Amino acid sequence: MPQPNSAPPPALNSYDEFTRLDEVVLGRAEHYTDHHTDTSWRLFFYDNVAPVLGQQASPSGEELLPIPPQLVDELNEDIAGLADALTACGVNVLRPAAPGKDVDIRSPYWDARATPPLNVRDQTIILGTTIVETAPHVRARIFENDLLKPVFYRYYEAGGANWLSMPRPALARDSLDTGYFTRQGLDVARATEGEMAGVIEGLGLEMVFDGAQCMRLGRDVLVNVANHNHELALRWLRDNLRDLRFHRLDAMADNHIDSVLVPLRPGLMLLRSPEYLKFLPKAMQSWDVIYAPETDDSNFPDYSDLGFVIPIGSRYMDINLLSVDEDTVIVNSLYPELIDVLERRGFTVVPVRHRHRRLFGGGFHCFTLDTVRRGGPEEYLI
Ligand SMILES: NC(=[NH2+])NCCC[C@H](N)C(=O)O
């Protein structure tokens, strides 16, 4: 509960990715001890992990893949740098509660080692003045938002904020759609074999969706739909948030799109490559584009000595920048090529080091949930 003398929190208001940021939730990585590489995890990261599954992911059929603690310490150091940079930019930084221990969770159909609330972009979308909790794909993440509840109640108690939650999926044996991969001719056996989850008779594909499948542009929201799990979620969004216009992006990526596309200001976006233009709404195809510059392998740490080499994120993770306002962006200092391009376009770049972005599946946009920005439900797609 708020202390009697503390200033009232600002009202939840977040309609876009680029207007002036006043308050943000920044994830944390304590107790990130393992990747629980069950079927839900393997399918979620299949684009990145398929080539290495069967090698490092489960060397002896074990589902828990221990993460060397040194890497988590270094990740926490880099997140502390991000917190300092945000504060120096005048942004109020809130944190999820800490898990306080390694957490094992169990549903009637499966069990999992819980993931800490690091990529807080994923299980929630702020749509204007509404907190929308989404429907996790990865079983290990199903209770992750519990640790954000103190923050959500802070806004809810202050008034002005609505709070909705998609139906919580059971994530039973047949809940997840493998269609995105099979349509590309890929064999998903390496993800689905050894599936431990129980069956719920009569339950097929469920609504399953992550917040990071959306990009917000005022009244318009782009939504990546790569399979039937997502299709159900898009319908739910349309039914429940009637003042917003949702634009379906047809399988622009397997799930998240924030390492493909980041709108920088009205009329200008950062895009992974020209191949992605065709997925965007017509009105956006005429925007000015900054394409992600090539980067060097030397900008990525070498993990061979640690024997831990599962990249769950792609080489493009650093597209995933966070805008403080339409002229100021926080960018990984280990992507100097992008910093250079943005500075030449007149941006003030705040460089923050982030070493292990490919191991924890997130960049600065993923690690943050921007709860208070100044923009409203503007019309940017005209
Ligand atoms: N919000 C996030 N966790 N985004 C991460 C997207 C990562 C994307 N799948 C890639 O490998 O590039």
Side-chain angles (χ1 to χ4, degrees), residues 14 17 24-29 32 35 40-53 75 78-79 82 96 115-126 132-138 140-141 144-145 148 180-181 184 186 191 208-216 221-227 230 233 249 251-263 270-273 275-276 279 291-292 294-295 299-300 309-323 330-332 334-335 338 354 356-370:
S14 190
E17 311 289 336
V24 73
V25 187
L26 171 62
R28 57 196 310 157
Y32 212 146
H35 287 311
S40 70
W41 184 93
R42 282 181 271 160
L43 275 178
F44 191 80
F45 295 110
Y46 207 58
D47 258 355
N48 291 315
V49 304
V52 287
L53 282 175
L75 173 65
D78 292 353
I79 294 173
L82 178 56
T115 309
L118 171 62
N119 289 296
V120 293
R121 179 72 57 182
D122 300 351
Q123 308 306 328
T124 308
I125 337 170
I126 308 299
V132 178
E133 295 192 69
T134 58
H137 176 125
V138 177
R141 305 191 68 176
E144 204 178 297
N145 274 359
L148 282 110
Y180 174 81
F181 304 106
Q184 295 174 51
L186 289 172
V208 170
F209 187 81
D210 269 17
Q213 292 176 229
C214 296
M215 272 297 162
R216 300 158 307 152
V221 182
L222 312 186
V223 181
N224 181 43
V225 173
N227 60 40
H230 306 158
L249 310 182
M252 187 189 204
D254 50 353
N255 40 64
H256 300 166
I257 53 172
D258 51 359
S259 71
V260 174
L261 163 74
V262 179
L270 176 60
L271 195 64
R272 192 185 286 192
S273 76
E275 288 152 55
Y276 289 95
F279 294 99
Y291 289 110
E294 284 301 312
T295 183
N299 290 326
F300 293 94
V309 286
I310 297 275
I312 65 171
S314 71
R315 293 172 53 84
Y316 304 98
M317 190 62 82
D318 296 329
I319 291 175
N320 200 270
L321 54 74
L322 180 70
S323 295
I330 304 185
V331 181
N332 192 351
L334 301 177
Y335 194 5
L338 179 62
H354 178 19
H356 306 309
R357 63 275 207 206
R358 298 195 63 195
L359 299 186
F360 296 94
F364 298 153
H365 191 264
C366 315
F367 288 176
T368 50
L369 187 66
D370 35 5

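Counting starts at 1 for both ligands and their atoms, following the listed order. Just so we're clear, the structure is a prediction, and the values are computed from it rather than from any experiment.
Taking atom 7 (C) of ligand 1 as the reference point, the nearest protein heavy-atom neighbour is M317 CE, 3.6 Å. With respect to atom 11 (O) of ligand 1, the closest heavy atom belonging to the protein is S314 N, 2.8 Å. Given atom 9 (N) of ligand 1, the protein heavy atom at minimum distance is N48 ND2, 4.2 Å. Shortest contact from atom 1 (N) of ligand 1 to any protein heavy atom: D122 OD1, 2.8 Å.
Residue C366 touches ligand 1 through backbone and side chain together, judged by heavy-atom distances below 4.0 Å. Residue-level proximity to ligand 1 for D47 is absent, since no heavy atom of it falls below 4.0 angstrom. Residue contacts with ligand 1 for R272 involve side-chain atoms from C-beta outward but no N, CA, C or O (heavy atoms, distance under 4.0 Å). Contacts of A212 with ligand 1, taken as heavy-atom pairs under 4.0 Å, involve the side chain alone.
Residues I125 and V221 have side chains not in contact (no heavy-atom distance under 4.5 Å, counting atoms from C-beta outward). Looking at F360 and C366, their side chains never come closer than 4.5 Å, going by heavy atoms from C-beta outward.
Every atom of ligand 1 is numbered from 1 in the order shown, and the set under 4.0 Å from a heavy atom of D258 is 1 (N), 2 (C), 4 (N), 5 (C), 6 (C). Of all atoms in ligand 1, listed by their number and element, those nearer than 4.0 Å to a heavy atom of G313 are 11 (O).
Shown here are the ring-ring contact (aromatic ring centres under 6.0 Å, His included) partners of H365, two or more places apart in sequence or in another chain: there are none. The side chain to side chain contact (heavy atoms under 4.5 Å, CB included) test applied to A29 returns V72, L75, N76, I79, L118, not counting sequence neighbours.
At least one N/O-N/O distance between S259 and ligand 1 falls below 3.5 Å. For a threshold of 3.5 Å applied to N or O pairs, the pair formed by R121 and ligand 1 contains no separation below that value.
Both cation-pi conditions hold for R357 and F300: the charged atom is under 6.0 angstrom from the six-membered ring centre and inside a 45 degree cone around its axis.
A distance below 6.0 Å separates the ring centres of H354 and F367.
Between Y32 and H35, the ring planes lie perpendicular to each other; the angle is over 60°, past the 30° to 60° tilted range.
Checked options D78, N320, D318; the residue passing with N332 is D318 (criterion: side-chain hydrogen bond (donor to acceptor under 3.5 Å, both in side chains)).
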